[in-house]
Amino acid sequence: MAKQMLVKGMRENEYSIVLEFSFEKLLEQWNFLCRNNQKVCIVTDSNVGPLYSNEVSTVLKNHVKEISVFTFPAGEENKTLSTVESLYTYLITNKFERKDVLIALGGGVVGDLTGYTAATYLRGIDYIQIPTTLLSQVDSSIGGKTGVDFKKYKNMVGAFHMPKFVYMNLEVLESLDKRQFSSGMAEIIKHGLIRDPLFFQWILSNVKN
């Protein structure tokens, strides 16, 4: 059985964080929260899409009305209103309705941009976070923070829009390079230092060089 944590808030904003070691259990969460007459758009970037979009599509394809993939170039420089506009155009052209769903498959850039699009397209549609970096798993995919950069200003345009659930396949962390993994660990250590001394000590006792 998957490990789950409930993120509490106002009842309509509560959602689960699911920890697994594959994408196979994604369908269990989907059947619990969604309907089979939905169209799904997987939003991903040029780094993550080739690795995992086919696998996620295969898990869901027989249980949704239609599934497609929107891929944009990887990098913070593409977390812009221009990319959001391209995604709006894709959704409109493919007749996505308010009942349909976006899936954010990628790191923080993908999650932020997809969440902002979901918050604003048709005044708000559902989306699901599938974070694929350690930093996005421990930080940006949690809390409904969405947004894009505006000119030289980071995350200047955004909204709070809670996902239906967050699905973390921990196996994808094996694909991260040392720099990406370290940036996620730095965030974990920061949380321990700020709020939980016992957790911080646990990290020190269990960290591997």
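This chain uses plain numbering: 1 for the first residue, then up along the sequence.
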Would you mind telling me which of Ile67, Leu60, Val64, Asp126 makes a side chain to side chain contact (heavy atoms under 4.5 Å, CB included) with Val101?
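Among Ile67, Leu60, Val64, Asp126, the one that satisfies the side chain to side chain contact (heavy atoms under 4.5 Å, CB included) with Val101 is Asp126.
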Show me the donor-acceptor pairs within less than 3.5 Å that the side chains of residues 90-97 make with the rest of the protein, sequence neighbours left out.
{"unit_1": "Tyr90", "atom_1": "OH", "unit_2": "Ser68", "atom_2": "OG", "d": "3.0"}
{"unit_1": "Thr93", "atom_1": "OG1", "unit_2": "Thr89", "atom_2": "O", "d": "2.7"}
{"unit_1": "Asn94", "atom_1": "ND2", "unit_2": "Tyr90", "atom_2": "O", "d": "2.8"}

Which atoms form the tightest heavy-atom contact between [X] and [Y], and what is the distance?
X      : Y      : answer
Asp149 : Glu76  : OD2-OE2, 2.6 Å
Leu6   : Glu14  : CD2-OE1, 4.0 Å
Lys79  : Asn155 : NZ-OD1, 2.6 Å
His191 : Asp139 : NE2-OD1, 4.5 Å
Leu27  : His63  : CD2-NE2, 3.3 Å

When rounded to the nearest 0.5 angstrom, what is the spacing between [atom1] in [X] and [atom2] in [Y]?
X      : Y      : atom1 : atom2 : value
Asp100 : Ile125 : CG    : CD1   : 7.0 Å
Ile188 : Gln137 : CD1   : CD    : 9.0 Å
Phe165 : Ile128 : CZ    : CD1   : 3.5 Å
Leu81  : Tyr116 : CG    : OH    : 6.0 Å
Gln129 : Thr114 : CD    : OG1   : 7.0 Å
His161 : Thr117 : NE2   : OG1   : 10.0 Å

With a 4.5 Å cut-off on side-chain heavy atoms, are Tyr15 and Ile142 touching?
yes
Please examine the side chains of Met185 and Leu134, heavy atoms only from C-beta on, and report whether any two atoms are closer than 4.5 Å.
yes
With sequence neighbours left out, what residues match Glu187 under salt bridge (Lys or Arg N to Asp or Glu O under 4.0 Å)?
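Applying salt bridge (Lys or Arg N to Asp or Glu O under 4.0 Å) to Glu187 gives Lys190.
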Only distances under 3.5 Å count here; give the side-chain donor-acceptor pairs of residues 40-51 to other protein atoms, sequence neighbours excluded, each with its distance to 0.1 Å.
{"unit_1": "Thr44", "atom_1": "OG1", "unit_2": "Gly49", "atom_2": "N", "d": "3.2"}
{"unit_1": "Thr44", "atom_1": "OG1", "unit_2": "Leu105", "atom_2": "O", "d": "2.8"}
{"unit_1": "Asp45", "atom_1": "OD1", "unit_2": "Asn47", "atom_2": "N", "d": "3.0"}
{"unit_1": "Asp45", "atom_1": "OD1", "unit_2": "Val48", "atom_2": "N", "d": "2.8"}
{"unit_1": "Ser46", "atom_1": "OG", "unit_2": "Ala74", "atom_2": "N", "d": "3.0"}

Are [Y] and [X] connected into the same hydrophobic cluster when the rule is that any two of I, L, V, M, F, W, Y join if their side-chain heavy atoms are below 4.5 Å apart?
X      : Y      : result
Ile194 : Leu204 : no
Val69  : Trp30  : yes
Phe150 : Leu87  : yes
Met162 : Val7   : yes
Leu113 : Tyr153 : yes

Counterpart residues, side chain to side chain donor-acceptor pair (under 3.5 Å), relative to Ser136 (two or more places apart):
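So Ser136 forms a side chain to side chain donor-acceptor pair (under 3.5 Å) with Thr133.
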Any residue meeting side chain to side chain donor-acceptor pair (under 3.5 Å) with Glu66, in chain and number order, not counting sequence neighbours
none
Yes or no on side chain to side chain contact (heavy atoms under 4.5 Å, CB included) for Thr80 and Phe72, after CA distance, side-chain angles and deciding distance?
CA-CA 11 Å; Thr80 64; Phe72 64 91; over 6 Å; no
Taking atom [atom1] of [X] as the centre, does the number of heavy atoms from other residues, nucleotides or ligands within less than 6.0 Å exceed 12?
X      : atom1 : answer
Glu85  : CD    : no
Arg179 : CZ    : no
Lys65  : NZ    : no

Output a table of donor-acceptor pairs, distance under 3.5 Å, between side-chain atoms of residues 166-176 and any protein atom two or more places apart or on a different chain; print 'none' if there are none.
{"unit_1": "Tyr167", "atom_1": "OH", "unit_2": "Ser22", "atom_2": "O", "d": "2.7"}
{"unit_1": "Tyr167", "atom_1": "OH", "unit_2": "Lys25", "atom_2": "N", "d": "3.3"}
{"unit_1": "Tyr167", "atom_1": "OH", "unit_2": "Leu26", "atom_2": "N", "d": "3.3"}
{"unit_1": "Asn169", "atom_1": "OD1", "unit_2": "Ser22", "atom_2": "N", "d": "3.0"}
{"unit_1": "Asn169", "atom_1": "OD1", "unit_2": "Glu171", "atom_2": "N", "d": "3.1"}
{"unit_1": "Ser175", "atom_1": "OG", "unit_2": "Tyr52", "atom_2": "OH", "d": "3.2"}
{"unit_1": "Ser175", "atom_1": "OG", "unit_2": "Val172", "atom_2": "O", "d": "2.7"}

If you apply the rule side chain to side chain contact (heavy atoms under 4.5 Å, CB included), what do you find for Trp202 with Leu198, and how did you get there?
CA-CA 6 Å; Trp202 183 90; Leu198 291 179; over 6 Å; no
Steps toward side chain to side chain contact (heavy atoms under 4.5 Å, CB included) verdict (Tyr127, Thr146)
CA-CA 11 Å; Tyr127 79 111; Thr146 78; 3.8 Å; yes
